[in-house]
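Residue numbers start at 1 and run along the sequence shown. Ligands are counted one by one from 1 in listed order, and the atoms in each one are counted from 1 as well. In this text, all values refer to a predicted model and were calculated from it rather than measured experimentally.
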Amino acid sequence: MKQYAIAIHGGAGTILRSVMTAEKETAYKKGLEDAIIAGETILKAGGNSLDAVEAAIRSLEDNPLFNAGKGAVFTHEGKNEMDASLMEGKTLMAGAVTGVKNIKNPISLAKAVMQKSEHVFMAGEGAMAFAKKINAEMKPDDYFFVQQRYDQLQEALKSDTIVLDHTVDKEKKFGTVGAVALDIQGNLAAGTSTGGMTNKKNGRVGDTPMIGAGTYANNNTCAISCTGHGEFFIRSVVAYDISCLMEYKGLSLKEACEIVVQQKLVKIGGEGGLIALDAKGNIELPFNSEGMYRASKKADNEIYIGIYKG
Ligand code: ASP
């Protein structure tokens with residue numbers, strides 16, 4: 001039997017041990033573990049990587065600790081507007097949504113765009129009309145309300161800064177979630193989901209729903225899901241750049257990640273990280289910020305969970 005593998009992230013940023021309580025750390029680790037198990041259960045049963053990515057991300061979207069689905073950050077206007085995308089490495093099929101509201105699991109809506117529409121990327125009102133047509137699960141505004149996120153918006157409004165997800169006692173964190181998976185058939189998939197950035201202006205779109213920037217998968221190279229300051233990730237076309245370095249320059253996954261995350265992004269001031277998996281099951285979890293919530297699991301190994309550097 002071929003090996004399967006899965007990796008997830010719950011956001012990167014200035015995650016400081018000094019402001020982390022033991023209870024909070026345990027809750028984050030449990031959230032990551034639950035998501036890995038949700039994805040692994042599908043892979044172990046011989047299911048496909050796209051379904052595993054969706055299951056892991058749904059678990060993180062349902063967890064208010066992470067900035068996606070329930071727990072999404074607030075826009076400047078005090079709304080929760082979410083973005084998501086996913087891609088299948090075998091077919092290069094992809095689906096994405098941006099600026100959607102009241103959708104319980106934006107990643108599943110992105111998957112529906114891929115599988116049930118003739119399009120790849122749907123935005124705002126049109127995406128909402130599509131969601132209604134396919135009976136996507138909707139939730140009222142108060143489902144998405146998380147007091148801590150609302151307080152973050154009030155703080156951000158005071159200084160008129162656009163905050164990259166939570167800012168808790170100087171803790172700056174991007175809480176976007178993502179998953180990459182390799183199934184036993186040897187197929188890769190990647191997905192990413194987010195509420196974006198606290199105090200983001202009306203119409204702002206980050207890297208998360210952009211195929212090639214925040215998400216990319218190709219069986220010939222790798223599967224990538226990013227988290228960080230979206231504007232920089234868009235300008236660097238991060239996910240596709242890693243794939244290109246592998247495809248055109250013959251670099252390994254590790255070498256390609258190193259160049260993009262630690263050199264190219266750093267050079268333009270792009271803070272964040274990503275999870276990466278190649279078709280051989282190699283996993284890389286690089287970031288240039290203080291920390292990144294991350295976890296991974298291969299068929300024969302224990303679950304790895306990390307938060308801080310090192
Ligand atoms: N990349 C996301 C965005 O810019 C933010 C994040 O990763 O938390 O919308």
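The shortest N or O to N or O distance between Gly206 and ligand 1 is not below 3.5 Å.
Looking at Thr176, Thr227, Asp207, Ile234 and measuring to atom 1 (N) of ligand 1, the nearest heavy atom belongs to Asp207.
Looking only at distances, no side-chain donor or acceptor of Glu271 sits under 3.5 Å from a matching main-chain atom of Ser289. A donor-acceptor pair is defined here as one N or O able to donate and one able to accept, closer than 3.5 Å; such a pair exists between the side chain of Asn288 and the backbone of Gly272.
At a heavy-atom cutoff of 4.0 Å, ligand 1 is contacted by no atom of Asp83, backbone or side chain. By the criterion of a heavy-atom distance under 4.0 Å, the side chain of Arg204, and not its backbone, is placed next to ligand 1.
The hydrophobic clustering, which links ILVMFWY residues whose side-chain heavy atoms are closer than 4.5 Å, places Leu253 and Tyr248 apart.
To the nearest 0.5 angstrom, Asn80 atom CG is 11.0 Å from Tyr150 atom OH.
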Show your working on salt bridge (Lys or Arg N to Asp or Glu O under 4.0 Å) between Asp34 and Lys30 and close with a plain yes or no. CA-CA 6 Å; Asp34 289 350; Lys30 167 92 171 53; 2.9 Å; yes

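Heavy-atom contacts of Gly196 reach the following atoms of ligand 1: 9 (O) (cutoff under 4.0 Å). Contact atoms of ligand 1 toward Thr208: 1 (N), 2 (C) (distance under 4.0 Å to a heavy atom of the residue).
Not a single heavy atom of Gly11 lies less than 4.0 angstrom from ligand 1.
Screening Lys111, Glu54, Glu61, Lys70 for a side-chain hydrogen bond (donor to acceptor under 3.5 Å, both in side chains) involving Asn105 leaves a single residue, Glu61.
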